[in-house]
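Single-structure report; data block below.
From a predicted model like this one, the values you see are computed outputs, not experimental measurements.
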Amino acid sequence: MSVKTYPVDAAAFAGWDGSIAGARRLQRELAQRVRLVDDFAPLRRIAGLDVGFEDGGTVTRAAAVLLDAHSLALQAETVVRRPTTMPYVPGLLSFRELPALLEALRALPEVPDLVFVDGHGIAHPRRLGIAAHVGVVSGLPTIGVAKSILVGTHAAVGETRGARAELRDGETPIGTVLRSKDRVAPLIVSPGHRVSLATAPELVLRTVTRYRLPEPTRLADRLASRRGGYTGAPRP
DNA sequence: GCGACAG
DNA sequence: ATCTTGTCGC
């Protein structure tokens, strides 16, 4: 029997042989290019990225939104639909979602100064969650915003907005468990690329309004899961 | 060998 | 992630 392989998207996975073992190998290599230092221009535009599925999972639907960093007003949005090529494998999420995500990102009319990705940054077994992967291949500053933990442990988190606890894998700090809103499950925030561990949660908190998720990720989420309805705050 | 396991 | 209605709490 030969080793099972999947289609290789050259733009997203240069050097991948299409195998599961090869994917983990590539993650270890790319993780070395991640830079956890704040290195981004004054924030004008922030993008949000997320993926949803249609047709029982056979179609991957990636969404990208562009917001004004200050007013958080929606400036642009893109949606891209591609056939799904890989199953979900814990730890290898980017090999399933990255190609479509990058196309949605490139389709935006402007290049963002920072990108929020639904999923983990370095809070990953090999320090290359999808947010870190997006950062390394695009060169853009990124932050991962996840709704649950993939790896790591933490102390109890206060119940009010802004409360947090360090997420660690053994002795290594890999992210922040952040309460974005009173009495809601905390978010797991971790740097993707060109952002430090300390700054990531501050940037996320700045973009949270009245919901659990920060606006970039929340709007991308609605678009990817084709939901609509009310979006903003009460009219002034 | 036995669990855990982003979306 | 997705399949799905009503229901409890702020």
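Straight-line distance from the CG atom of A:L187 to the C1' atom of B:dA6: 13 Å, rounded to whole Å. One interatomic measurement links the two molecules: CG of A:L93 to C1' of C:dT2, which rounds to 15 Å at whole-angstrom precision. Here C:dA1 presents its P atom at 15 Å from CG of A:L223, a figure rounded to the nearest Å. As a whole-Å value, the separation of A:R61 CZ from C:dT2 C1' is 14 Å. Protein atom CZ of A:R96 is 19 Å distant from nucleotide atom P of B:dC5, rounded to whole Å. Atoms CD (A:Q27) and C1' (B:dC5) sit 14 Å apart, rounded to a whole Å. Whole-Å rounding puts the A:F116 CZ to B:dA6 C1' distance at 17 Å. Atoms CG (A:D50) and P (B:dA6) sit 15 Å apart, rounded to a whole Å.
Between the side chains of A:T58 and A:T84, not a single donor N or O lies within less than 3.5 Å of an accepting N or O.
Applying the 5.5 angstrom centroid cut-off and the 30 degree plane-angle cut-off, the aromatic ring of A:Y88 is stacked upon the base of B:dG7.
The side-chain contact (heavy atoms from CB on, under 4.5 Å) test with A:V189 is passed by exactly one of A:L197, A:L178, A:L203, A:L167: A:L178. A:P141 pairs with exactly one of A:D38, A:I46, A:T199, A:L114 by the side-chain contact (heavy atoms from CB on, under 4.5 Å) rule, that one being A:L114.
Across all strands, A:D118 comes closer than 4.0 Å only to sugar-phosphate atoms, never to a base (heavy-atom distances). If you check every strand for non-hydrogen atoms under 4.0 Å, A:G129 touches a base. Contact annotation for A:I188: no contact, since no heavy-atom pair falls under 4.0 Å across all strands. At the heavy-atom level, A:L101 lies nowhere under 4.0 Å from the strands shown.
Formation of a donor-acceptor pair under 3.5 Å by the A:T160 side chain with backbone atoms of A:D182 is not found in this model. Judged purely by atom type and a 3.5 angstrom limit, A:R179 uses its side chain to pair as donor or acceptor with the backbone of A:G158. For A:D113 (side chain) and A:R45 (main-chain N/O), a donor-acceptor pair under 3.5 Å exists by modelled atom type.
A ring-centre distance under 6.0 Å is not found for A:F40 and A:H193.
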Given protein heavy atoms under 4.0 Å, the one-letter contact record of nucleotides 3-10 of chain C, with B base, S sugar-phosphate only and - none, is simply -------S
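For A:S148 and B:dC5, the shortest distance from a side-chain N or O to OP1 or OP2 is not below 4.0 Å. Applying the 4.0 Å criterion to OP1 and OP2 of B:dA6, one finds that A:K147 has every side-chain N and O outside that range.
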